[in-house]
There are 2 protein chains.
Amino acid sequence: MRVIRSKPISEQVNTIIRERFRDATYAPGFRLPSESELSKEFGVSRATIRTVFAKLAVEGLILRKQGDGTYVNERIQEVNTHLGGLWDFAHLIERSGFEVSIQPLLIKKVAATEDEAHVLAIDAGIELLSMTRLFSANSQPVILAKNLIPASLLLDQNAEIDGHLRIREILKQYFRQEISFVTTEISSALAGENAHILNIRPRTHLLNLKMIFYSKDNKPLTLGKSYLNDDILKLRLVQAWN
Amino acid sequence: MRVIRSKPISEQVNTIIRERFRDATYAPGFRLPSESELSKEFGVSRATIRTVFAKLAVEGLILRKQGDGTYVNERIQEVNTHLGGLWDFAHLIERSGFEVSIQPLLIKKVAATEDEAHVLAIDAGIELLSMTRLFSANSQPVILAKNLIPASLLLDQNAEIDGHLRIREILKQYFRQEISFVTTEISSALAGENAHILNIRPRTHLLNLKMIFYSKDNKPLTLGKSYLNDDILKLRLVQAWN
DNA sequence: GAGTGGTCTAGACCACGCT
DNA sequence: GCGTGGTCTAGACCACTCA
């Protein structure tokens with residue numbers, strides 16, 4: 001693969017380096033070529049290499065040591081999410097080494113409750129698109145997720161929504177909306193009526209994720225409430241220290 | 001405050017801008033001066049301003065919009081951590097609007113179990129420093145945390161450890177160790193014998209955080225097991241979408 | 001079209017770790 | 001002392017948003 005001037009150069013370099021992680025050209029613990037060497041290899045400036053490295057470092061993929069070098073993080077395999085990746089359940093399941101499947105359970109329009117209206121900055125009673133879906137890992141149900149989106153934002157009110165898509169795709173395709181950031185509240189809960197769907201005994205513990213997705217113009221777009229069976233799927237993440 | 005050449009300029013600028021968030025010079029929703037304006041104001045290059053902004057954007061403090069401008073995130077107040085700050089319990093409690101106190105319960109040396117030894121990459125039976133501490137929010141117990149560190153790393157085997165310090169300080173002061181990254185596993189649990197310490201009923205649900213702290217040379221340094229009463233303290237975090 | 005952030009370059013010097 | 005990553009500069013052009 002060579003660098004082509006179309007997508008940003010740093011993105012292309014990023015892709016190439018990630019490939020080298022995958023095919024073990026840069027194996028775990030390996031010391032990467034220095035920034036200057038890589039800048040020569042790719043024919044780009046050192047600053048470009050550094051923006052790529054900055055991104056990889058934030059994700060915990062590489063460790064940089066001043067006066068020494070840059071190393072491939074050996075622990076990254078044990079982890080299934082990172083900064084900015086907590087929202088994508090399908091990705092989470094895949095990264096945990098399972099086969100994902102998304103099963104739409106119920107897609108319908110409902111009226112917003114007081115609480116939901118408050119979070120979404122709309123009036124109570126306004127129509128919401130409610131989407132309940134079950135994520136499975138190796139055919140074993142692990143996450144029950146409900147998403148609420150103001151129905152008025154639908155491009156086509158009569159659209160048949162494909163519940164197998166990832167939330168990002170659904171928002172893009174049926175709402176033409178892009179997300180700028182997400183807030184997540186993580187707490188624990190006891191299984192109630194959701195127990196049988198997740199195929200667990202009532203009164204066992206679950207992880208509860210309450211997310212709010214915000215659009216580019218900083219308005220709440222979607223409210224998500226999810227229950228995760230953490231006997232099967234753990235949230236494991238890396239954090240860079242600084 | 002003026003920029004002085006001692007600490008990195010970008011850090012100084014970072015500090016100044018955070019001050020302006022606090023004193024509402026840059027209030028929530030406010031549109032910041034452009035990068036060029038700020039670079040003039042501080043007498044630094046635009047690239048320097050951009051490295052500052054990059055950091056603030058990752059933390060979710062600001063939102064950048066190409067062709068438009070940079071805005072102060074209005075939602076940041078609702079949040080108490082971000083994925084890079086999950087390890088600092090004292091900070092977490094403060095950011096949630098409570099008064100923190102750290103109460104050391106038990107500091108002693110123990111022999112590593114098989115499991116612990118495996119995680120810390122040492123042999124079973126090796127002596128560990130075990131530190132059990134209780135974090136309170138407004139005098140209400142919220143987090144019970146245990147940390148295990150190989151005792152051989154202690155600079156002074158007879159040191160009296162001040163259990164009121166933050167883990168980062170303890171590692172620095174008594175072990176002369178710096179952390180490069182942390183992995184965290186988040187799951188839910190039922191309160192057992194820890195219930196009375198956290199002042200809750202047995203069999204109620206808790207958040208369970210299992211952390212491993214790694215040193216600069218990529219070796220596991222500390223194993224932390226913590227229980228968090230999520231009726232009082234929620235984990236609320238921001239994630240930038242990209 | 002004017003102004004914004006996004007990308008990129010080609011240099012420079014500094015702080016740090018090794019040997 | 002040498003090579004590494006860390007910081008910084010002063011430019012340039014592009015992509016995008018908004019009036």
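Each chain gets a letter, A, B and so on, in the order the sequences are listed, and its residues count up from 1.
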Using 4.0 Å as the upper bound for N to carboxylate O, is an ion pair formed by R166(A) and E94(A)? yes
How many whole angstroms separate atom [atom1] of [X] from atom [atom2] of [N]?
X	N	atom1	atom2	answer
K216(B)	dG5(D)	NZ	P	15 Å
E11(A)	dC14(D)	CD	C1'	14 Å
F42(B)	dC8(D)	CZ	P	13 Å
D217(A)	dT17(D)	CG	C1'	13 Å
Y71(B)	dC16(D)	OH	P	17 Å

Check this one for me: any side-chain N or O of [X] less than 4.0 Å away from OP1 or OP2 of [N]?
X	N	value
R64(A)	dT4(D)	no
T48(B)	dT9(D)	yes
R50(A)	dG6(D)	yes
S10(A)	dT7(C)	no

Sort me out a list of protein N/O and nucleotides 12-16 of chain C N/O pairs below 3.5 Å, or just none if empty.
residue : atom : partner : partner atom : Å
dA12(C) : N6   : R46(A)  : NH1          : 3.4
dA15(C) : N3   : Q66(A)  : NE2          : 3.2

Crowded around K234(B) NZ? As in, over 12 foreign heavy atoms under 6.0 Å? yes
How many angstroms lie between atom CZ of R46(A) and atom CD of E37(A), to the nearest 0.5 angstrom? 12.5 Å
If you round to the nearest 0.5 Å, how far is CZ of R236(B) from CG of N80(B)? 5.0 Å
When we call it a touch if two heavy atoms are under 4.0 Å apart, what does T51(A) touch: a base, just sugar-phosphate, or nothing? nothing
K109(A): partners by side-chain hydrogen bond (donor to acceptor under 3.5 Å, both in side chains), with sequence neighbours left out: Q157(A)
Choosing from dT9(C), dC8(D), dC8(C), which nucleotide comes nearest the side chain of V44(A)? dT9(C)
Sequence neighbours excluded, which residues qualify as salt bridge (Lys or Arg N to Asp or Glu O under 4.0 Å) partners of E41(A)? R20(A)
Whichever of A47(B) and K65(B) has the more 5' nearest nucleotide on DNA chain C, that residue is K65(B)
Can you list, pair by pair, the side-chain donor-acceptor contacts under 3.5 Å of residues 116-124 of chain B, counting residues two or more places apart and other chains?
residue : atom : partner : partner atom : Å
E116(B) : OE1  : T113(B) : N            : 3.1
E116(B) : OE1  : T113(B) : OG1          : 3.3

Where does the angle between the aromatic ring planes of F89(A) and F135(A) fall among parallel (under 30°), tilted (30 to 60°) and perpendicular (over 60°)? perpendicular
Check residues 59-67 of chain B and write down every donor-acceptor pair under 3.5 Å in which the side-chain atom is one partner and the other belongs to a residue at least two apart or another chain.
residue : atom : partner : partner atom : Å
E59(B)  : OE1  : R18(B)  : NH1          : 3.3
E59(B)  : OE1  : R18(B)  : NH2          : 3.2
E59(B)  : OE2  : R18(B)  : NH2          : 2.8
R64(B)  : NH2  : E35(B)  : OE2          : 3.4
K65(B)  : NZ   : K216(A) : O            : 2.9

Which of residues 27-38 of chain A sit near DNA chain D, with a heavy atom under 4.0 Å from it? R31(A), S34(A), E35(A), E37(A)
